[in-house]
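In listed order, ligands and their atoms are each counted from 1. Below, each value reflects all heavy atoms present in this structure, side chains not excepted, and no hydrogens, waters or symmetry copies. Along the sequence shown, the residues carry numbers beginning at 1.
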Amino acid sequence: MINYIRSLNLEEFHRLKSSSIGNRIIILDEVGSTNDYAKKIAYSEAEGTIVLSNTQTKGKGRLGRSWEAGINTDIAMSIILKPDTDILTAQRLTLIGGLAVSKAIKEASGEPAYIKWPNDIVLNNKKICGILAETSIQANKLGYCILGIGINVNSNNFKGELEKKAGSLFSEMRRHFSREEIIIKVIEEMNTYYPKYIKDGFSPFIEEYESLCLNIGKEVRLVDGNTERTGFCEAVTNTGELVIKDKSGERYSVSAGEVSVRGLYGYL
Ligand code: BT5
């Protein structure tokens with residue numbers, strides 16, 4: 001099933017709340033990367049502007065990796081954010097985006113969507129969403145943060161390395177979903193999570209994050225370039241780092257920029 005996104009009915013929502021995320025939405029037919037498009041217009045557009053594309057042909061993941069999406073079947077969206085914060089606080093918006101998407105997917109599908117720290121949303125042990133926050137500095141301050149969200153909605157047939165690892169709402173729930181409905185839910189949730197995070201920081205979200213984070217309570221492998229360590233993942237800190245206990249009982253924390261986290265035997 002292909003439904004083409006032409007507009008989003010957010011009027012009702014905006015009337016009810018004086019929200020800023022989604023006040024302006026740019027909908028494209030096709031683009032290489034919505035994050036790249038958003039970066040080009042970030043300084044001339046207001047905070048909260050969203051770039052959506054029906055099809056994304058050169059989606060980006062972290063560290064030069066790529067993000068695959070189907071033609072007119074999935075969600076590629078980038079939110080232009082300009083919080084008055086430092087770069088690290090802005091980079092942690094990945095975690096806040098994860099909470100918002102997890103909640104939106106649970107509302108839409110009825111199934112719990114978990115988080116693999118820091119930026120994967122997982123349904124039935126399959127990665128159904130990835131988040132990419134990209135920041136820019138201007139005059140020693142944060143210029144903008146582009147929060148890119150890719151959600152596999154109606155695509156199927158993941159190939160190669162994605163066959164075992166990736167899933168979509170369609171592949172996991174065996175029914176088609178309206179992309180518009182999910183986008184609207186993500187926008188609604190972001191309008192709740194984002195202002196609270198900018199005002200109060202990450203601490204108020206720790207409990208919720210830990211309850212959704214699949215890594216907590218598990219042995220994990222921490223991959224840093226060519227080196228690997230294993231440890232037991234205990235908690236998340238008020239700056240969004242993972243607390244790891246090693247074999248000798250010593251604790252340390254790792255930040256998202258430093259390491260990739262895997263399960264002992266694979267992706268989870
Ligand atoms: C991510 O990176 O998961 C961030 C993905 C962000 C995509 C959005 S779409 C809108 C916006 N515009 C962009 O250009 N990007 C953002 P990372 O943690 O590095 O994971 C990338 C890895 O996920 C790849 O190396 C693959 O293994 C896997 N992957 C690629 N496409 C996938 C998909 N559709 N579903 C699940 N896994 C995928």
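- Of the possible polar contacts, one joining the S168 side chain to the S155 backbone as a donor-acceptor pair under 3.5 Å is found.
- Using a 4.0 Å cut-off between heavy atoms, L162 contacts ligand 1 through its side chain alone, with no backbone atom that close.
- Remark: of the listed residues I96, T239, T89, I96 is the sole one forming a side chain to side chain contact (heavy atoms under 4.5 Å, CB included) with F202.
- Contact analysis puts S66 in contact with ligand 1, with a non-hydrogen atom separation below 4.0 angstrom.
- Proximity annotation for atom 18 (O) of ligand 1: of N35, I149, N119, N119 comes nearest, heavy atoms only.
- The nearest non-hydrogen atom to atom 34 (N) of ligand 1, considering only E161, E68, K127, comes from E68.
- Residue contacts with ligand 1, taken as heavy atom pairs separated by less than 4.0 Å, involve R62 via backbone and side-chain atoms alike.
- Residues N54 and E30 are not in side-chain contact: their nearest non-hydrogen atoms beyond the backbone lie 4.5 Å or more apart.
- Of all the listed residues (R65, K116, M77), R65 holds the heavy atom that lies closest to atom 21 (C) of ligand 1.
- Both the sub-6.0 Å distance and the 45° axial angle are satisfied by R174 relative to the ring of F170.
- Heavy atoms of G59 come nearer than 4.0 angstrom to ligand 1 in at least one pair.
- In this structure, of Q56, E134, K165, K60, the residue bringing a heavy atom nearest to atom 12 (N) of ligand 1 is Q56.
- No more than 12 heavy-atom neighbours from other residues, nucleotides or ligands sit within 6.0 angstrom of CG on D84.
- Formation of a donor-acceptor pair under 3.5 Å by the T55 side chain with backbone atoms of I71 is not found in this model.
- Using modelled atom types, no side-chain atom of Y194 and backbone atom of L93 make a donor-acceptor pair closer than 3.5 Å.
- The part of N152 lying near ligand 1 is the side chain, judged by heavy-atom distances below 4.0 Å.
- Taking distance alone, with nitrogen or oxygen atoms compared against 3.5 Å, W67 stays at or beyond that limit from ligand 1.
- Shown in contact with I131 at under 4.0 Å from a heavy atom are these atoms of ligand 1, numbered in order with element: 4 (C).
- A salt bridge links D36 to K60: one of the charged nitrogens lies within less than 4.0 Å of a carboxylate oxygen.
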